[in-house]
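The structure appears below as structure tokens.
Not measured: the values here are computed from a predicted model.
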Amino acid sequence: MNKFSLRVSELLNRNKINSLPVNLEKIVKSLGIQIKRSELEDNISGFLYLKNETPIICVNKGHSRPRKRFTIAHELGHFILNHHGDLFIDRARVLYRNTVSHDGIIKEEREANRFAAELLMPEELLVKELIENEIDIDNEFELKQLAYKCGVSIQALTIRLTNLGWS
């Protein structure tokens, strides 16, 4: 079990989450993190910052539900993995999720993306769903339904399934 899977498993167990979609708000709240939905520039999905020692995940309210969920999970990854931002605004440490995040150039962004994928689509729950519902991953309609159930984009689901060796 890798460090991401182990941390995800701990979060799911601690919050008694054993079905899809993963309840992000419950996890975030259990860690004392607040979620703020704001109007942001379209190329900024969200960011993590501290205000009076309280961690806050700010997410672009104009983005789609799957994008917002991935952003929250991504920023939670920064928090859980103890990443530290280098941009300070009003003395708050900030980590942004934007177009650079998905390029995979920065190690911390790759790690936060991997954490987000594992949190939103935990292997055990994903495999259970695939087997119990006899989902044909080559069937676009069934794949869309599974992505919707996970609360993620088809692209995120496809990448996750590929990384798990399902395609």
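Here Asp136 contributes atom CG and Leu146 contributes atom CG; the two are 11.5 Å apart, rounded to the nearest 0.5 Å. For the atom pair Thr54 OG1 and Lys51 NZ, the distance stands at 9.5 Å (nearest 0.5 Å). Summarising the geometry, atom CG belonging to Leu20 is positioned 13.5 Å from atom OH belonging to Tyr148; distances are rounded to the nearest 0.5 Å. Ile33 contributes atom CD1, which lies 5.0 Å from atom CD1 of Ile57 (distance to the nearest 0.5 angstrom). Note that the CD1 atom of Ile35 and the NZ atom of Lys29 stand 11.0 Å from one another [nearest 0.5 Å]. In this structure, Lys61 NZ and Leu40 CG are separated by 9.5 Å, a value rounded to the nearest 0.5 Å.
Of all the heavy atoms in Asn15 and Lys26, the pair that sits closest is O-NZ, 2.8 Å. Considering all non-hydrogen atoms of both residues, Phe70 and Ala116 come closest at CZ-CB, 3.6 Å. Between Tyr49 and Cys58, the closest heavy-atom pair is CE2-CB, 4.2 Å. His74 and Asn113 get closest at one heavy-atom pair: ND1-OD1, 2.8 Å. The two residues Leu48 and Phe79 make their nearest non-hydrogen contact at CD2-N, 3.8 Å. Between Ile80 and Arg7 the shortest heavy-atom distance is CG2-CD, 3.6 Å.
Contact of the Lys16 side chain with the Asn18 side chain is not registered, since no non-hydrogen atoms from C-beta on lie closer than 4.5 Å. Between Gln145 and Phe141 there is a side-chain heavy-atom pair separated by less than 4.5 Å.
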_Run Leu76 and Leu31 through side chain to side chain contact (heavy atoms under 4.5 Å, CB included) and show every step you take._
CA-CA 10 Å; Leu76 181 59; Leu31 295 169; 3.6 Å; yes
*For Trp166 and Ile135, run side chain to side chain contact (heavy atoms under 4.5 Å, CB included): C-alpha distance rounded to whole Å, both residues' side-chain angles, the deciding distance at 0.1 Å, then the answer.*
CA-CA 11 Å; Trp166 278 79; Ile135 294 173; over 6 Å; no
*Mind running side chain to side chain contact (heavy atoms under 4.5 Å, CB included) on Leu143 and Leu161 for me, showing each step along the way?*
CA-CA 10 Å; Leu143 203 59; Leu161 290 172; 3.7 Å; yes
*Trace of the side chain to side chain contact (heavy atoms under 4.5 Å, CB included) decision for Ile137 with Glu142*: CA-CA 7 Å; Ile137 61 170; Glu142 291 182 22; over 6 Å; no
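No donor-acceptor pair under 3.5 Å is formed between the side chain of Asn60 and the backbone N or O of Lys68. Here the side chain of Asn2 pairs a donor or acceptor atom with the backbone of Phe4 at under 3.5 angstrom. Judged by distance alone, the side chain of Ser30 and the main-chain N or O of Ile27 form a donor-acceptor pair under 3.5 Å. Checked by atom type and distance alone, the side chain of Arg69 pairs as donor or acceptor with a backbone atom of Cys150 at under 3.5 Å. Not a single donor-acceptor pair under 3.5 Å links the side chain of His78 to the backbone N or O of Glu109.
Note on Leu12: it clusters hydrophobically with Leu164, by side-chain heavy-atom contacts below 4.5 Å among ILVMFWY residues.
Taking a 6.0 Å sphere around CD of Gln155, one finds it holds 12 or fewer heavy atoms contributed by other residues, nucleotides or ligands.
Contact check on Glu75 versus Lys36 returns no salt bridge, with no Lys/Arg side-chain nitrogen under 4.0 Å from an Asp/Glu carboxylate oxygen.
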Under 3.5 Å, sequence neighbours excluded: what are the donor-acceptor pairs made by side chains of residues 117-129?
from	atom 1	to	atom 2	distance (Å)
Glu118	OE1	Ser5	N	3.1
Glu118	OE1	Ser5	OG	2.6
Glu118	OE2	Arg114	NE	3.1
Glu129	OE1	Lys149	NZ	3.4
Glu129	OE2	Asn133	ND2	2.7
Glu129	OE2	Lys149	NZ	3.1

